[in-house]
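In what follows, a structure is listed as structure tokens, so that the remarks can point back to it.
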Amino acid sequence: MQSLIPQRLMEMYERLLSHFGPQFWWPAETPLEVMVGAILTQNTNWNNVEKAIINLKKNNHLTLKALSDLDFNDLAQEIRPAGYYNVKARRIKNLIRFIVDNFQGDFSLFLKEKTITLRENLLTVKGIGPETADSILLYALKRPVFVIDTYTHRILRHHNIISEEENYHSLQNLFIDNMPKDQCLFNEFHALIVQTGKTFCKKKPKCDDCPLYQW
DNA sequence: CACCAGGCAAGTA
DNA sequence: TACTTGCATGGT
């Protein structure tokens, strides 16, 4: 008997897209803004991230050079609304240093690196784990990788597609191996999953009106 | 008031 | 290897 996973995933995607419409991710003007936002949003509500981004923009600090030159404590204060500001300031500094050191601060060089190598290298940066690395690859560099987050786990678990002890990599492969490897599809799908999670799949699930009801 | 958000690293046994 | 804990603001 053949696997029904591809059809189920595609139906899930279509249901979510019909219900919510396109999400237009990532909400940022430049790749660098995506990358900084990817760190700021770690375990944090996007509303708080926006406040931090506004501060950075207000001071013209969303460039490689500005972030590179910016004093650590000043950076921490500007991103304060996003929470964990000392941790995140260090992580942003680590990411900026990674680009400056490995690509001579040349963004176009950074953009040319092969996806596999770039992912490996990003994961060596302290503060960049699998979700942040994949968010950068998908939303800043437009590479066809699938991003997994807590909502993805929660929703697929709730609908009995996966077991409790599924790890990041195997869950990521579930999508990659069972769907067209399309950057636009992966972009939209992950965004829709997050939107669904925020709306219906919190700790107290609101299953009424959820587009995945009886999916 | 308690709970949680688009994680990750470091510490412990 | 498998748990646990620290990080922190702002919305509901």
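Below, read A as the first sequence line, B as the second, and so on, with proteins coming before strands; counting in each chain starts at 1.
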Of the nucleotides [options], which has the atom closest to the [X] side chain?
| X | options | answer |
| --- | --- | --- |
| A:Arg80 | B:dA5, C:dT9, B:dG6 | C:dT9 |
| A:Glu131 | B:dA9, B:dC8, C:dG11 | B:dC8 |
| A:Asn43 | B:dG6, B:dA5, C:dG11 | B:dA5 |
| A:Thr41 | B:dC8, C:dG10, B:dG6 | B:dG6 |
| A:Asn47 | B:dA10, B:dC8, C:dG11 | C:dG11 |

Distance between the [atom1] atoms of [N] and [M], in whole angstroms?
| N | M | atom1 | value |
| --- | --- | --- | --- |
| C:dA8 | B:dG11 | P | 16 Å |
| C:dT4 | B:dG6 | C1' | 23 Å |
| C:dG10 | B:dA9 | C1' | 24 Å |
| C:dT5 | B:dC3 | P | 16 Å |

Between [X] and [Y], is any side-chain donor less than 3.5 angstrom from a side-chain acceptor?
| X | Y | value |
| --- | --- | --- |
| A:Asn102 | A:Glu113 | no |
| A:Tyr213 | A:Asp208 | no |
| A:Ser170 | A:Asn173 | no |

Once you round it to whole Å, what is the distance between [atom2] of [N] and [atom1] of [X]?
| X | N | atom1 | atom2 | value |
| --- | --- | --- | --- | --- |
| A:Asn45 | B:dC3 | CG | P | 18 Å |
| A:Asn94 | C:dC7 | CG | P | 18 Å |
| A:Ile54 | C:dT9 | CD1 | P | 18 Å |
| A:Gln42 | B:dA10 | CD | C1' | 15 Å |
| A:Ile53 | C:dT9 | CD1 | P | 18 Å |
| A:Lys93 | B:dC8 | NZ | P | 21 Å |
| A:Arg90 | B:dA10 | CZ | C1' | 13 Å |
| A:Lys206 | C:dT12 | NZ | C1' | 11 Å |

Name the nucleic acid region contacted by [X], choosing base, sugar-phosphate or nothing; use a 4.0 angstrom heavy-atom cut-off, strictly under.
| X | value |
| --- | --- |
| A:Val34 | nothing |
| A:Lys88 | nothing |
| A:Ile39 | nothing |
| A:Arg91 | base |

Stacking between A:Tyr84 and C:dG6, defined as ring centres under 5.5 angstrom apart with planes under 30°, is that present or not? no
Under the criterion of centre distance below 5.5 Å and interplanar angle below 30°, is A:Trp46 classified as stacked on the base of B:dG6? yes
If we check side chain to side chain contact (heavy atoms under 4.5 Å, CB included) with A:Leu118, which of these qualifies: A:Leu141, A:Ile136, A:Leu123? A:Leu141
Taking only side-chain N and O atoms of A:Thr132, does any of them lie within less than 4.0 angstrom of OP1 or OP2 on B:dC8? yes
N/O (side chain, A:Asn86) to phosphate O (OP1/OP2, C:dA8) under 4.0 Å: yes
For A:Val125 and A:Thr44, take the nucleotide of DNA chain B holding the closest heavy atom to each; which residue's nucleotide lies nearer the 5' end? A:Thr44
For DNA chain B, whose closest nucleotide is more 5', that of A:Pro27 or that of A:Ile128? A:Pro27
To the nearest 0.5 angstrom, please state how far the CZ atom of A:Phe189 sits from the CD atom of A:Glu14. 9.5 Å
Can you tell whether the side chains of A:Arg157 and A:Glu166 come within less than 4.0 Å, N to carboxylate O? no
Between A:Glu78 and A:Lys58, is there a side-chain N and carboxylate O pair less than 4.0 Å apart? no
Relative to each other, are the rings of A:Phe200 and A:Phe20 parallel, tilted or perpendicular (30° and 60° limits)? tilted
Where along residues 144-168 of chain A does a heavy atom come under 4.0 Å from DNA chain C, residue by residue in number order? none
Are there more than 12 heavy atoms of other residues, nucleotides or ligands under 6.0 Å from atom NZ of A:Lys112? no
Start at the 5' end of DNA chain C and walk down; is the nucleotide closest to A:Lys51 or to A:Val87 reached first? A:Val87
